[in-house]
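Single-structure report; data block below.
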Amino acid sequence: YIEKVILPEIKITDEALRQFYDQNVERMRQPERVKVRHILVVVPKDATEDQRVQLRRKAEEALGKAKAGQDFGALAQQYSDDSRSSAQSGELPWMSREEIKLLAFREAAFSLEKGAISDILESPAGFHIIQSVDKQPSRIAEFDDVKERILALLQGQEAQERLRTTIEGLMAKAKIERFAL
């Protein structure tokens, strides 16, 4: 009903979108973000001490080659156990501090200079090596970048209001009987 009846009737003007943006500029603030590539050597939870040592050596070998100037992306494809990112040369999507749950990973990602490579970081998942690709400071998003999200928000608010009004109107016309159990 909302998609077929209510939404087609809702018309949000560009002026209304711009007004919402102008009145909510601070809500348009994007946090500082980083783009990194990483190599993850997974250490199974039930790994023996010998297995941990071998996996650490694998991470150290990758780190040594990266610090010697070998292509980090190629090393990620060769050494990383993270199949999703290794296919993209270890590249992860843009991330804010809040999106990075591992403290050591977050601190390294935000402290590295562009192009720099971290030491080996340990986590419950295993051993990580990070290369900083780029950083973006906190900034106010441009209107054109958030216009579609504002439109969806305003349409959703208007749809809720129209639906509430429609339900109230139907309830006012309805004959409602209540029975005690």
query: Does the side-chain contact (heavy atoms from CB on, under 4.5 Å) test come out yes or no for F105 and M95, once each step is laid out?
result: CA-CA 11 Å; F105 194 102; M95 297 178 290; 4.2 Å; yes
Identify each donor-acceptor pair in which a side-chain atom of residues 34-44 lies under 3.5 Å from a protein atom, sequence neighbours left out, and give them as a table.
unit_1	atom_1	unit_2	atom_2	d
K35	NZ	E91	OE2	3.4
K35	NZ	L92	O	3.1
R37	NE	Q131	OE1	3.0
R37	NH2	Q131	OE1	2.6
H38	NE2	D82	OD2	2.9
H38	NE2	S85	OG	3.2

Heavy atoms from other residues, nucleotides or ligands near CD of E3 exceed 12 (cutoff 6.0 Å): no
query: If you group Ile, Leu, Val, Met, Phe, Trp and Tyr by side-chain heavy-atom gaps below 4.5 Å, do I140 and I150 land in one group?
result: yes
- prompt: Can you check whether I129's main-chain N or O pairs, donor with acceptor, with S118's side chain at less than 3.5 Å?
  reply: no
- prompt: To the nearest 0.5 Å, what is the distance between CD1 (I12) and CD (Q19)?
  reply: 11.5 Å
query: side-chain contact (heavy atoms from CB on, under 4.5 Å) between F143 and D14: does it pass, once the steps are laid out?
result: CA-CA 11 Å; F143 175 72; D14 282 345; 6.0 Å; no
- line: Shortest non-hydrogen pair, R106 vs R97, comes out as NE-O, 3.2 Å
message: Just verifying a value: how many Å separate E9 CD and L7 CG, rounded to the nearest 0.5 Å?
response: 9.5 Å
query: Taking the side chain as C-beta and beyond, is there a heavy-atom pair between H128 and L102 under 4.5 Å?
result: yes
task: Please lay out, stage by stage, how L103 and E107 fare under the test side-chain contact (heavy atoms from CB on, under 4.5 Å).
output: CA-CA 6 Å; L103 181 61; E107 288 175 358; 3.4 Å; yes
field: Donor-acceptor under 3.5 Å (N24 side chain, R27 main chain)
entry: no
Closest non-hydrogen atom pair, K175 against E177: NZ-OE2, 3.4 Å
message: I need the minimum non-hydrogen distance between I117 and K67, along with the two atoms involved.
response: O-NZ, 3.5 Å
- prompt: How far does CG of L151 sit from CZ of F20, to the nearest 0.5 angstrom?
  reply: 11.5 Å
- prompt: Salt-bridged, R164 to E161, with N to O below 4.0 Å?
  reply: yes
- prompt: Taking atom CZ of R18 as the centre, does the number of heavy atoms from other residues, nucleotides or ligands within less than 6.0 Å exceed 12?
  reply: yes
field: Minimum heavy-atom distance A109-I100, with the two atoms named
entry: CB-CD1, 4.3 Å
- prompt: Can I2 be reached from I167 by stepping across I, L, V, M, F, W or Y side chains whose heavy atoms are under 4.5 Å apart?
  reply: yes
query: In Å and rounded to the nearest 0.5 Å, what is the CD to NZ distance from E99 to K101?
result: 7.5 Å
message: Rounded at 0.5 Å granularity, tell me how far CD in Q157 sits from CD in Q155.
response: 11.0 Å
task: Indicate yes or no: at least one non-hydrogen side-chain atom of D50 is less than 4.5 angstrom from one of Q54.
output: no
message: Before you tell me yes or no, could you show the steps for R52 and E122 under side-chain contact (heavy atoms from CB on, under 4.5 Å), namely the whole-Å CA-CA distance, both residues' side-chain angles and the distance that decides it to 0.1 Å?
response: CA-CA 11 Å; R52 276 186 75 70; E122 271 192 69; 2.7 Å; yes
field: Minimum side-chain heavy-atom gap S138-R29 below 4.5 Å
entry: yes
- request: Specify the closest pair of heavy atoms between D22 and V25, including all atoms of both residues, with the distance to one decimal.
  value: O-CG2, 3.4 Å
Solution key, residues 55-64 side-chain donor-acceptor pairs under 3.5 Å, sequence neighbours excluded:
unit_1	atom_1	unit_2	atom_2	d
R56	NE	E60	OE2	3.3
K58	NZ	Y79	O	3.4
K58	NZ	D81	OD1	3.3
E61	OE2	Y79	OH	2.4

query: Closest approach of Q51 and T48, non-hydrogen atoms and distance?
result: OE1-N, 2.7 Å
message: So does L112 get a backbone contact from the side chain of K135, meaning a donor-acceptor N/O pair under 3.5 Å?
response: yes
- prompt: How far does OG of S86 sit from CD of Q77, to the nearest 0.5 angstrom?
  reply: 7.0 Å
